[in-house]
Each structure stands twice: as C-alpha cells, then as structure tokens.
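We name chains A, B, ... by the order of the sequence lines, and we start the count at 1 in each one.
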Amino acid sequence: MNKIFKAEILKNQALTEDVYCLSINVPFNIEAKPGQFFIIKINERFDPLLGRPFSIFDLEDKTLKFLYRVKGKGTSVLSKLREGQNLQITGPFGKWYPFPKDDYIVIAGGIGIASVFYLMKKFPKRAYLFYGARHRREIFYYKELEEVAKEVFISTECGTLDYKGVITELFRRKGLHLNLPIYSCGPMIMIRELKKLLKNKDVPCYVATEERMACGVGACLGCVIETKEGFKRVCTEGPVFEIGDLIL
Amino acid sequence: MNKIFKAEILKNQALTEDVYCLSINVPFNIEAKPGQFFIIKINERFDPLLGRPFSIFDLEDKTLKFLYRVKGKGTSVLSKLREGQNLQITGPFGKWYPFPKDDYIVIAGGIGIASVFYLMKKFPKRAYLFYGARHRREIFYYKELEEVAKEVFISTECGTLDYKGVITELFRRKGLHLNLPIYSCGPMIMIRELKKLLKNKDVPCYVATEERMACGVGACLGCVIETKEGFKRVCTEGPVFEIGDLIL
Amino acid sequence: MKPLLEVKIGELTLKNPVLTASGTFGYGLEYSQFFDISKLGGIVVKGLSLKPKEGNPPPRIYETPCGMINSIGLQNIGFDAFVKEKLPFLKKFDTKIIANFFGENLEEYEEIAQKLDATDGIHALEMNVSCPNKTSEWRKMGLQPELLKESVRKVRSKVKKTLIVKLSPQVTDIAYMAKICEEEGADAISLINTIPAMVIDVKTRKSLIGTLTGGLSGPAIRPIALRMVWEVAKAVKIPVIGIGGIVNGRDALEFFIAGAKAVAVGTANFINPLSSIEIIEEIEKFLIEEKIENINDLIGSLIE
Amino acid sequence: MKPLLEVKIGELTLKNPVLTASGTFGYGLEYSQFFDISKLGGIVVKGLSLKPKEGNPPPRIYETPCGMINSIGLQNIGFDAFVKEKLPFLKKFDTKIIANFFGENLEEYEEIAQKLDATDGIHALEMNVSCPNKTSEWRKMGLQPELLKESVRKVRSKVKKTLIVKLSPQVTDIAYMAKICEEEGADAISLINTIPAMVIDVKTRKSLIGTLTGGLSGPAIRPIALRMVWEVAKAVKIPVIGIGGIVNGRDALEFFIAGAKAVAVGTANFINPLSSIEIIEEIEKFLIEEKIENINDLIGSLIE
Ligand SMILES: Cc1cc2nc3c(=O)[nH]c(=O)nc-3n(C[C@H](O)[C@H](O)[C@H](O)COP(=O)(O)OP(=O)(O)OC[C@H]3O[C@@H](n4cnc5c(N)ncnc54)[C@H](O)[C@@H]3O)c2cc1C
Ligand SMILES: Cc1cc2nc3c(=O)[nH]c(=O)nc-3n(C[C@H](O)[C@H](O)[C@H](O)COP(=O)(O)OP(=O)(O)OC[C@H]3O[C@@H](n4cnc5c(N)ncnc54)[C@H](O)[C@@H]3O)c2cc1C
Ligand SMILES: Cc1cc2nc3c(=O)[nH]c(=O)nc-3n(C[C@H](O)[C@H](O)[C@H](O)COP(=O)(O)O)c2cc1C
Ligand SMILES: Cc1cc2nc3c(=O)[nH]c(=O)nc-3n(C[C@H](O)[C@H](O)[C@H](O)COP(=O)(O)O)c2cc1C
Ligand code: FES
Ligand code: FES
C-alpha cells in the first residue's frame with residue numbers, strides 16, 4: 001500500500017471556535033483501522049516544519065475525516081486552509097484498537113472522541129459510550145453517535161447537557177459494573193482517573209495516547225512514553241496501549 | 001498616514017503560468033505615487049520570513065493592484081492565496097517618478113510594466129510607451145495600455161506580436177529622436193542597453209531599480225546599489241534613480 | 001493593576017525591558033513613522049565607528065528558512081555625523097539610547113568609547129566584539145579569550161557609562177567568555193550576535209552574499225540564542241540582555257525565564273515594524289494573566 | 001546521457017552521493033515501507049554503543065521555527081542486538097551501511113569500533129564525537145582539540161575500514177578540528193551534528209525538552225552547516241560529508257559546490273519520507289540541465 005500521498009481538501013469546517021472537521025479526498029482505496037493515525041504536512045514550506053498526527057475520525061470510500069482542535073502553530077495554519085488546496089498525507093500508522101468481540105465500553109474525553117468514533121462505526125450498536133466535554137457546544141456529532149453506539153452517556157463540566165461533572169465519574173456510576181472491555185481516549189487527567197477506577201477490576205482497557213512526533217514510523221525515537229517495559233514509541237508500539245502497561 | 005495595515009485579497013488572478021494580478025482592499029484612503037512600492041508579508045508564520053516588495057501597479061479608490069511574476073518561495077506561496085484571505089501590507093515607500101510635465105517616454109521590459117502603468121494612468125495620453133516581452137502571451141493589459149498611453153510600441157523577442165526583437169532596439173528606431181524625459185523599468189540588461197543608447201543625449205531618464213530588501217524603510221542598509229556617490233538604499237533613496245547616477 | 005516593567009542594567013534604568021537591536025532599527029527615525037518610539041525601553045543604534053564606513057559590496061542580504069543572512073559590513077555614518085545629524089532627533093524621545101560601537105583596532109575601540117562616553121544623550125554603550133563579517137581580527141576579539149580580556153579592561157578603564165559587551169555565539173563555551181567580561185568590569189552582557197552562515201546560488205555557483213559569508217539572524221537561531229542566554233545568566237551576576245530571533249511576546253518571555261533582564265528585538269522589526277511595541281504589550285498581558293506584579297520576579301525563574 | 005553520480009569516501013565507493021543521516025532513518029527498515037532503500041548511496045544507522053541504552057526521559061522533541069530540537073540521548077539497541085536483529089535485514093539491500101558509534105569513554109569507543117570493523121555487512125564507520133545531549137565529557141570530545149586528537153588516533157589504530165569523524169558545530173574554528181582528524185588518520189569528515197538549543201514553556205516555566213537542552217536540526221541550521229562545510233573542505237584534503245538542513249536537491253547542490261563529496265539527509269526524512277530519493281533525482285536532473293557529466297566536476301566549484 002502507498003503510505004504517502006497527496007489529498008485534496010473537500011471541506012475544512014469550523015464546528016466551534018477552535019474545533020474543526022477536515023474532510024479530504026484520498027486518491028485510492030486505503031485500509032485503515034480504528035485507532036490508527038495519519039500525519040498531515042500542513043504547508044509546502046518549513047514553518048511549521050513537521051507533519052502533525054491525527055487519528056482517523058471517519059473513513060468512507062475515499063473520504064477521510066479528521067476532527068481536530070486548534071492548539072498551536074500547526075493546527076492554526078491548518079484551520080485556515082480551504083477547499084481545493086492539497087495536503088501531503090502519510091499513513092496509516094500505529095497499532096489499532098483490538099477489535100471488540102462483543103459489547104464494549106468507550107470512554108472519550110473532549111477531542112478524544114476523534115479517535116473512537118470510527119471504532120463504533122465499524123462495530124456498531126455494541127458500544128456503551130461515555131463522552132464528556134466542558135460544555136454542550138463541545139459535544140460533537142451527537143446524532144451520529146447515537147446511531148453508532150448502543151447507549152450514549154454524556155457529561156459536561158458545566159452541566160449544560162445531561163450529567164454535570166467529569167466523564168469518569170459518570171462512568172463510575174453507570175458503567176463500572178459492566179464487565180466489558182474498555183476503549184478510551186482523552187486527556188491525561190482522565191486516563192489517570194480511569195486507571196484508578198479500574199485498579200481492582202479485571203477487564204482490558206485500551207488507551208490511545210499522544211506524544212509529540214517527528215517521523216511517525218519509529219525511526220527518530222522521539223515519541224516515547226514510559227511503560228512497565230521501558231520507553232515505547234507511541235507511533236509504532238502505540239498509540240493504543242493497555243492501560244496497565246503505562247506508567248502515568 | 002497609517003503605513004501598516006491588513007488588507008483583504010479581492011482577487012489573485014493568474015494571467016499566465018507565472019504572472020499574477022493581485023487585487024487587495026485597502027482599509028482606508030491612501031496616497032501613493034507612481035514608482036513607489038508596498039511590502040507584502042505573505043504568510044503569518046516565518047517561512048517565507050520577510051515581506052516582499054512590489055510596485056504599485058494600479059490604485060483606484062480602495063483597490064490596490066499588484067502585477068507580479070512567480071520567482072521563488074515568496075511569490076510562489078503568494079500565488080496560492082485566495083480571495084478573502086488577509087495580508088499584512090506596509091507602505092507606500094520610496095521615491096516616486098518625478099511627475100512628467102509634458103509628453104514623456106516609457107520603456108518597460110517584461111514585468112517592469114508593473115511599475116509604469118500607474119504613472120501613465122495618472123498622466124494619461126501623454127506617454128510614448130515602448131513595451132517589450134518575450135512572447136505575446138506576456139504582453140499584459142494591452143487594451144488598458146492603449147487607453148492610457150499616447151502611442152504604444154510593442155516588441156516581442158519571438159516576434160509573435162509587432163516588432164521582433166528587444167525593446168531597446170525598437171526604442172532606438174522609433175523613439176530615440178524624441179527629446180522627452182524617459183521613465184523605465186525592466187531587467188538589468190535592458191537598463192544597461194538603455195544607458196548606452198542615451199550616452200550622448202541630454203534627456204532625463206528615470207529608472208526603477210530592484211534589490212533584495214529586509215526593512216524597506218532605510219534601517220537595515222541591506223538594499224544598497226552602487227551609485228556615483230557611493231552605496232544608496234533602493235528602498236529610501238530609490239527605487240527610482242537617474243540613470244546617469246547608477247553604476248551598472 | 002499594571003505590572004511593573006522597569007529593569008536596571010548597570011546604572012541604566014529601562015522603563016520596560018524591550019530594546020531594539022543594533023543594526024535593525026537604524027537611528028530610530030526610520031521607525032518613528034510607524035509608532036511612538038518613546039514607548040520603547042531603549043534603542044540600540046547601528047554600530048558606530050570613528051570614521052564613516054562604506055560597508056560591504058552588495059548583495060548584502062539573503063533570506064533563508066526562518067532566517068536571513070546579512071553582510072552589511074558595519075556601514076555607518078561615523079561618530080561625528082551621528083552626533084550632528086541623528087542624535088538631536090533621538091534626544092526628543094523619552095527612551096534610552098544605547099550606542100553600539102566598534103573599531104578596527106583596540107585604540108579605535110578605546111577612542112570611540114571615550115567619545116561616546118562624553119556625549120550627552122547617549123545613556124549606555126554596547127561594545128560589539130562579534131561582527132561576523134569579513135573583518136579585522138580585532139573586530140572578532142569576541143572569539144579569543146585573551147583579546148577579549150584585554151579589550152574589555154582597556155575600554156572599561158576609559159568609560160563611566162554603563163558598558164555592555166555584545167558576545168559572539170561562535171564559541172564553544174559562551175559562559176566562559178561572559179565571565180571574562182564580568183571580571184574585567186563590564187556592567188552587562190548582550191547576546192547573541194548573528195551566526196556566520198552561507199548560501200550559494202547553484203546556477204552561478206557563487207555565494208548569494210557579496211562577501212561570501214554573512215551573519216544569520218531571525219527565528220531560526222532563537223533556540224540557540226536562548227540556550228546561550230541561559231548558560232550565561234547562570235554563570236554571571238551582571239545583567240544579561242537576550243537577543244536572537246525574538247518575534248513575539250512569548251519568545252521574549254522565554255528569554256526572561258532563562259535569565260535575561262532585558263531583550264533586544266532585531267530581525268522582527270523587518271517582518272513587522274510594530275513588533276517591538278507589540279512585544280511590550282504581550283509581556284504586560286502575560287504578567288497580568290499570570291498575576292506577576294513585577295517583571296523582575298519572572299527573570300531567571302526557569303524550573304530545572 | 002545519465003550523469004555519473006559515483007563518489008569515493010576513503011575506501012568506500014558510493015553509487016550516488018546521498019546518504020541518510022544517523023538517528024533520522026532508524027535502521028532502514030522504517031523507511032523501506034515507502035521506497036526501495038537500495039536506491040540510496042548509503043545509510044548511516046542510528047548511533048550504536050556496546051550495550052543497549054535507554055535514552056533520555058521524554059519529552060524528547062520540540063519543533064522550532066524551521067527546525068526541531070531533539071534529545072533522544074542516543075537510545076539504541078546496542079551492538080549485539082543490532083548485528084542479530086537489524087543487520088541481516090540491511091544486508092539484503094544494495095546500498096552501503098555506515099555504522100555511527102559512540103562510547104562513554106575512550107576504551108568503549110575503541111572497543112565498539114573494533115567490533116564494528118570486524119562485522120561483515122558494515123562498510124564504513126562514523127565516529128560521533130559530537131553528541132549535544134547531556135552526556136559524559138568523552139562523548140563531547142569534539143569540542144576539545146586534545147581529546148579529539150587522542151581519540152581519533154587510538155580509534156584509527158584499531159580499525160581498517162573507512163573511518164569518518166562526525167564533528168560538532170559548537171566550536172570557533174571547525175576547520176582546525178577537521179585538520180586534527182585528518183592528521184590522525186581519519187578518512188573523511190562529516191558535519192554538522194545538531195547545535196545545542198533550548199525552548200521553554202512560558203506557562204509552566206520548564207524546558208519543553210526533558211533534559212533541558214537538546215540539539216537543533218533542520219532547514220534553520222542549513223546556512224550555518226553550509227558555511228562550516230565550506231570552511232572544512234578548503235582546509236582538508238580528505239572527503240567531507242555535508243549534513244544539516246538539507247531538504248531538497250537544490251540544498252544538496254549547495255553543499256557539493258561548497259566542497260562536500262557526499263551529503264546526508266536528516267530531519268528532511270521526517271518531513272517527507274521520500275526526501276532522500278527525491279534529492280537524488282533532483283541532483284541528476286540538475287546535472288543534466290547544466291550539462292555536467294560527473295558529479296565530481298561540481299564538487300568544490302564555488303566561485304569565490
Ligand atoms: C497519535 C495521535 C493522534 C492524534 N489525534 C488527534 C486528533 O484526532 N485530533 C486532535 O485534535 N488532535 C490529535 N492529536 C494531537 C495533535 O497531533 C496535536 O494537537 C497537534 O499536533 C498540535 O499541533 P500544533 O502545531 O497546533 O501545536 P504546537 O504548536 O506544536 O504545540 C501546541 C501544544 O500542543 C502540544 N502538542 C504538539 N504536538 C503534539 C502531539 N503530537 N501530541 C500531543 N500534543 C501535542 C504541545 O506540547 C503544545 O502544548 C493526536 C496526537 C497523536 C500523537
Ligand atoms: C522596489 C521593488 C519593486 C518591485 N516590484 C515588483 C513588481 O511589481 N512585480 C514583480 O513581479 N516583482 C517586483 N519586484 C521584485 C520582487 O520583489 C521579487 O521578485 C520577489 O521579492 C521575489 O520573491 P521570492 O520569494 O519569490 O523570490 P526568492 O525566493 O526570494 O528569490 C528568487 C529570485 O528572486 C530574486 N529576488 C528576491 N528578492 C528580490 C527583490 N526584492 N528584488 C529583486 N529580485 C529579488 C532573488 O535574487 C532570486 O534570484 C520588485 C522589487 C523591488 C525591490
Ligand atoms: C541587518 C543587520 C544589521 C546588524 N548590524 C549590527 C551592528 O551594527 N552591530 C551589532 O552589534 N549587531 C548588529 N546586528 C546583529 C543584531 O543586533 C542581533 O544581534 C542579531 O540580528 C540577532 O538578533 P535577531 O535574530 O533578533 O535579529 C545586525 C543584524 C542585522 C540583521
Ligand atoms: C532525532 C535525531 C536523532 C539523531 N541521532 C543521531 C545519532 O545517533 N548520532 C549522530 O551522530 N547524529 C545524530 N543526529 C544528528 C543527525 O545525524 C544530523 O547530523 C543533524 O540532525 C543535522 O542534519 P539535519 O538538519 O539534516 O537533520 C540525530 C538527529 C536527529 C534529528
Ligand atoms: S515519531 Fe519518530 S519514533 Fe515515533
Ligand atoms: S531594505 Fe532595509 S535599508 Fe533598504
């Protein structure tokens with residue numbers, strides 16, 4: 001498979017002030033699995049220099065979608081690109097979420113939803129989704145989520161939608177008793193909390209992690225995180241890890 | 001007057017493969033004279049780093065136009081910008097063409113036409129225009145030129161339009177006898193040839209020169225060219241110089 | 001509440017810690033068309049010598065990735081013309097004027113320093129020991145510990161005003177060079193000057209700079225400058241002025257945290273003529289957000 | 001007619017003058033998913049030591065304007081694992097394998113060099129005397145003429161294969177360091193390694209690199225690298241391998257014109273995995289356009 005290609009921007013839509021959905025047209029059929037990521041080179045010149053990694057948010061035929069938040073220079077430049085412009089894409093890279101055999105739990109915090117939507121779409125109507133955000137404005141694609149998930153639990157920190165509080169708390173109340181494998185993606189604070197909650201439970205819990213990347217293919221050793229077995233590369237040994245292996 | 005402002009791109013139109021006409025919307029009324037230039041910062045980040053200088057091609061109400069050729073990294077990035085995007089502009093800077101009192105001669109080579117169109121528009125129907133290009137494709141705005149000039153003489157190097165040859169040769173044949181002040185802009189080879197032709201003549205000849213620039217305001221001393229009185233800054237003591245003062 | 005921005009560099013009090021770097025801000029005049037230069041902490045003027053200098057043959061500048069190379073060759077109008085033609089204008093502004101200077105040999109260094117010291121309206125002196133252009137050995141004294149030691153001592157003995165020594169980055173151990181200056185009585189260290197660099201036109205096979213090599217400046221060199229400022233600030237007790245690729249408030253703040261007591265904005269003036277005052281505003285905004293009442297509390301606050 | 005691209009570095013013949021730089025191309029495997037790595041002139045593998053190394057704590061990389069800082073800390077799988085797990089794969093390709101190596105002290109340098117010298121499938125050795133990360137004095141021998149002299153002599157006396165010494169840019173006079181290596185029997189010089197640099201998070205007031213400082217690479221440093229390659233190529237007779245910020249054919253050509261006999265592509269591999277082979281194609285195209293039949297005719301052709 002060709003792992004480097006040019007793709008045309010079909011749409012680069014602002015969902016809120018700082019969250020965008022980017023749709024691109026891939027020139028051939030690609031096979032990519034939930035949890036994997038692509039690297040987008042944002043401009044032709046060298047500032048920003050490196051491509052930026054983004055999870056597959058959705059893939060259907062030749063339309064590949066990313067959901068991203070503007071954080072710094074790369075995403076800021078990306079957010080200003082328009083329909084018709086071209087991007088250099090490499091990927092897919094990384095370990096995917098092990099396929100769920102039966103029902104499963106998904107826990108997403110904030111923009112972490114970008115990494116798990118495609119999983120639920122591929123394995124539909126079997127996920128208990130716990131999705132937390134700061135505000136209801138930041139709950140994206142609610143309708144689509146209801147379609148692909150089995151059940152949806154939403155929390156917002158300011159209480160503007162459903163449960164008021166953090167998503168791990170809602171999960172503790174409504175999901176912890178379910179003995180199902182867990183798939184999760186979200187901020188480090190959420191992952192740490194989750195690890196605590198699961199201390200005495202014996203279900204597999206897969207976490208999609210993030211680290212700054214240069215090569216994306218395991219060559220630069222730049223993206224390591226600490227695991228029980230020493231440093232591991234997020235780009236190739238991850239981004240999906242078993243929560244128990246991570247030293248958080 | 002505010003010499004630094006943001007302007008919106010109204011149009012960035014390809015005239016040939018590598019020549020574009022950029023129209024921008026200036027947020028207030030500016031006073032700028034033929035021969036002066038503006039500096040366009042092409043992107044928000046730092047590669048390209050410096051703004052690029054461009055002559056005023058046309059100015060009407062709040063619409064400012066530039067005619068430019070894609071030469072390197074800056075102009076290449078510029079050519080890909082679209083309607084609606086914003087640019088940081090500084091200017092106008094530099095010495096303008098001394099206003100013609102009566103009839104005058106204009107000699108433009110290639111993209112040099114960008115620097116003299118506005119002059120003819122401001123002082124219409126008095127210019128004998130000699131305009132040379134490589135090919136008829138590269139003769140821009142022919143109709144508009146016929147309107148603002150008194151008489152138009154065209155040469156193309158491949159003979160696809162009017163006279164076949166270089167413009168200085170056509171000028172020698174058809175314009176050298178006229179004892180009128182000359183305004184010219186074009187490649188160095190044209191300017192050198194012109195200087196030779198005018199050796200024994202006593203008419204003023206103003207040339208718009210080019211040098212790489214950093215500040216555009218006389219502070220960095222980067223843009224000097226050699227003159228009879230030593231190095232002079234193109235950005236502030238030029239870009240328009242008397243041809244006799246230049247050491248070519 | 002407005003945070004306090006005042007800092008002291010030797011005897012010199014700056015109302016805010018943002019200067020414009022030598023050679024990038026002309027003699028002030030050039031930028032006064034854009035904003036009120038009284039808002040600046042200070043202006044470091046283009047390097048001055050006793051006699052006027054023609055400078056190097058063009059081409060003198062070329063752009064590189066996130067940087068630029070220059071080889072101006074210290075063109076300047078000379079001490080006399082500066083005092084007559086430029087200083088009266090500069091005196092009208094409520095900001096500090098720092099005179100950057102150099103000579104072809106040590107005697108010239110001493111002489112121009114003395115003259116500047118005696119000139120009203122000049123508040124401090126910056127001794128350039130680090131010009132990277134084709135040049136005499138003396139102008140490069142910043143590369144040789146022995147020469148540096150002798151020069152700083154001699155110049156110091158001749159001047160009363162605050163003496164800043166501007167170091168070259170082209171050394172293995174910049175902290176060592178800074179300590180030499182401190183020992184010999186410099187009141188402050190400024191760094192970095194540009195880094196010797198080159199760019200070639202592959203078609204003509206010539207350098208794109210008239211003098212073959214020039215000095216690299218701009219955002220490209222910022223991480224190098226920051227590292228050096230940090231090394232120097234840890235090594236000396238005198239104030240450090242951070243220079244190199246600063247284009248916005250965030251960049252400037254990095255230098256303060258690394259230990260710089262003031263910063264000078266160079267190439268950024270070319271990219272956006274308002275850079276220096278926007279940087280002052282951004283620093284102020286940051287201090288307010290972070291509830292830091294005095295910029296001096298931020299200086300050297302890096303958590304290692 | 002296809003121009004000749006073959007160059008010689010000591011005893012080593014490269015079919016074309018484009019290598020991939022140590023630490024930026026893994027062990028080859030990682031990039032073989034993108035293109036046929038047999039097309040490369042050679043591959044310089046990630047720095048090897050006798051024993052495996054864990055490397056530095058994250059965060060290890062940060063992007064800067066047109067560059068990046070890294071502090072990998074020479075993490076590597078160690079000599080034994082390299083020979084067992086990686087070399088068999090690399091041997092399958094028709095390209096030259098250059099082993100970059102280092103040690104914690106001179107004895108370790110000698111020992112690993114000897115082992116690599118005796119290993120089939122390794123065509124040349126690159127001695128890294130210039131690691132900019134937090135490190136033992138020995139790994140930084142590239143900054144001290146006396147240490148460098150001794151180390152190159154000792155290592156040279158132990159190995160038969162082509163020995164390349166990779167220099168640090170963090171010196172005042174890089175040509176002098178190169179001459180030392182030449183005198184002590186190095187077959188070639190490669191330069192530059194990364195430049196020590198820093199970047200700070202202004203909110204947390206911590207370095208964005210786990211080890212505080214790291215090494216700057218990428219287009220930002222190219223003009224500095226080019227100047228140094230030119231200085232070294234003029235000073236020594238042995239071949240020079242140019243490294244630093246090369247991202248396209250034009251960049252590579254600048255280094256050849258400045259005197260480099262080969263180039264190594266580093267950070268560019270991260271920006272575009274196909275960089276190295278696109279560079280080969282662009283060099284070829286340029287030679288055809290300029291009617292240069294042999295790349296060796298271009299090398300050192302700068303008109304001063
Ligand atoms: C495997 C993977 C998948 C990802 N998927 C998504 C996604 O689907 N949607 C999304 O919005 N974001 C995703 N991210 C995070 C995204 O890559 C970063 O937000 C982005 O690279 C920031 O670039 P920037 O230039 O805007 O920020 P910078 O200016 O580079 O930095 C701004 C801030 O972002 C942090 N940052 C920079 N790069 C990364 C990175 N690679 N990972 C985490 N933090 C970083 C920096 O530490 C800094 O605090 C993913 C990251 C990884 C590693
Ligand atoms: C006062 C002035 C007015 C100008 N007006 C126009 C105009 O109306 N239309 C137009 O097409 N061009 C004009 N130019 C030239 C234009 O500025 C350059 O072509 C442009 O800056 C090239 O930028 P780049 O990044 O594409 O090229 P780079 O990648 O920087 O360089 C490519 C080539 O262009 C040359 N170049 C770079 N900068 C300049 C410069 N400032 N002047 C001349 N050559 C340069 C370089 O030497 C190199 O050979 C003018 C230049 C000046 C000084
Ligand atoms: C065009 C130009 C001219 C300069 N002239 C001088 C000078 O005369 N004296 C001096 O000490 N430094 C001079 N410098 C160096 C700057 O003051 C500054 O140290 C350097 O550019 C790094 O800062 P920057 O990256 O912010 O530009 C000059 C720099 C530039 C770009
Ligand atoms: C992530 C990374 C790891 C590196 N590891 C090594 C190494 O192990 N040994 C070495 O000699 N150089 C190492 N280098 C330096 C490169 O080989 C090269 O000299 C430097 O990056 C400059 O080239 P560039 O700008 O093209 O990247 C490394 C560079 C990077 C960016
Ligand atoms: S990003 Fe290079 S090893 Fe992971
Ligand atoms: S561009 Fe700076 S002096 Fe002319």
> Step through it carefully: locate the ring centre of Y206(A), locate the ring centre of Y97(A), and say whether they are under 6.0 Å apart.
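That pair fails the under 6.0 Å test.
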> May I ask you to say whether E104(D) pairs ionically with K51(D), meaning some side-chain N is under 4.0 Å from a carboxylate O?
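Between K51(D) and E104(D) there is no salt bridge, as every charged N stays at least 4.0 Å from the carboxylate O atoms.
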> Non-hydrogen atoms of chain A under 4.5 Å away: do they reach the side chain of L208(D), the backbone, both or neither?
both
> What class does the angle between the rings of F28(A) and F5(A) fall in, given that below 30° is parallel, 30 to 60° is tilted and above 60° is perpendicular?
perpendicular
> Side chain from CB out, backbone as N, CA, C, O: work out which of these in T64(D) comes under 4.5 Å of a heavy atom of chain A, or both, or neither.
backbone
> When the ring planes of F38(A) and F66(A) are compared, do they come out parallel, tilted or perpendicular, using 30° and 60° as the limits?
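Geometry flag for F66(A) against F38(A): perpendicular rings.
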> Less than 4.0 angstrom from a charged side-chain N to a carboxylate O is my criterion; do K228(A) and D245(A) meet it?
no
> Check each atom of F34(D) against the heavy atoms of chain A and say whether the ones under 4.5 Å are side chain, backbone, both or neither.
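Looking at F34(D), just its side chain touches chain A.
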> If you tally heavy-atom pairs under 4.5 Å against chain A, which of K46(D), E54(D), M68(D) wins?
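Counting heavy-atom pairs under 4.5 Å, the top option is E54(D).
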> Which residue out of I39(A), I225(A), L221(A) racks up the most heavy-atom pairs below 4.5 Å with chain D?
L221(A)
> Between Y27(D) and chain A, with a heavy-atom cut-off of 4.5 Å, which part of the residue counts as in contact: side chain, backbone, both or neither?
neither
> Around E44(A), counting heavy atoms of other residues, nucleotides and ligands shown, do more than 12 lie under 6.0 Å from its CD?
no
> Relative to chain D, which of V224(A), T90(A), D47(A) shows the most heavy atom pairs under 4.5 Å?
V224(A)
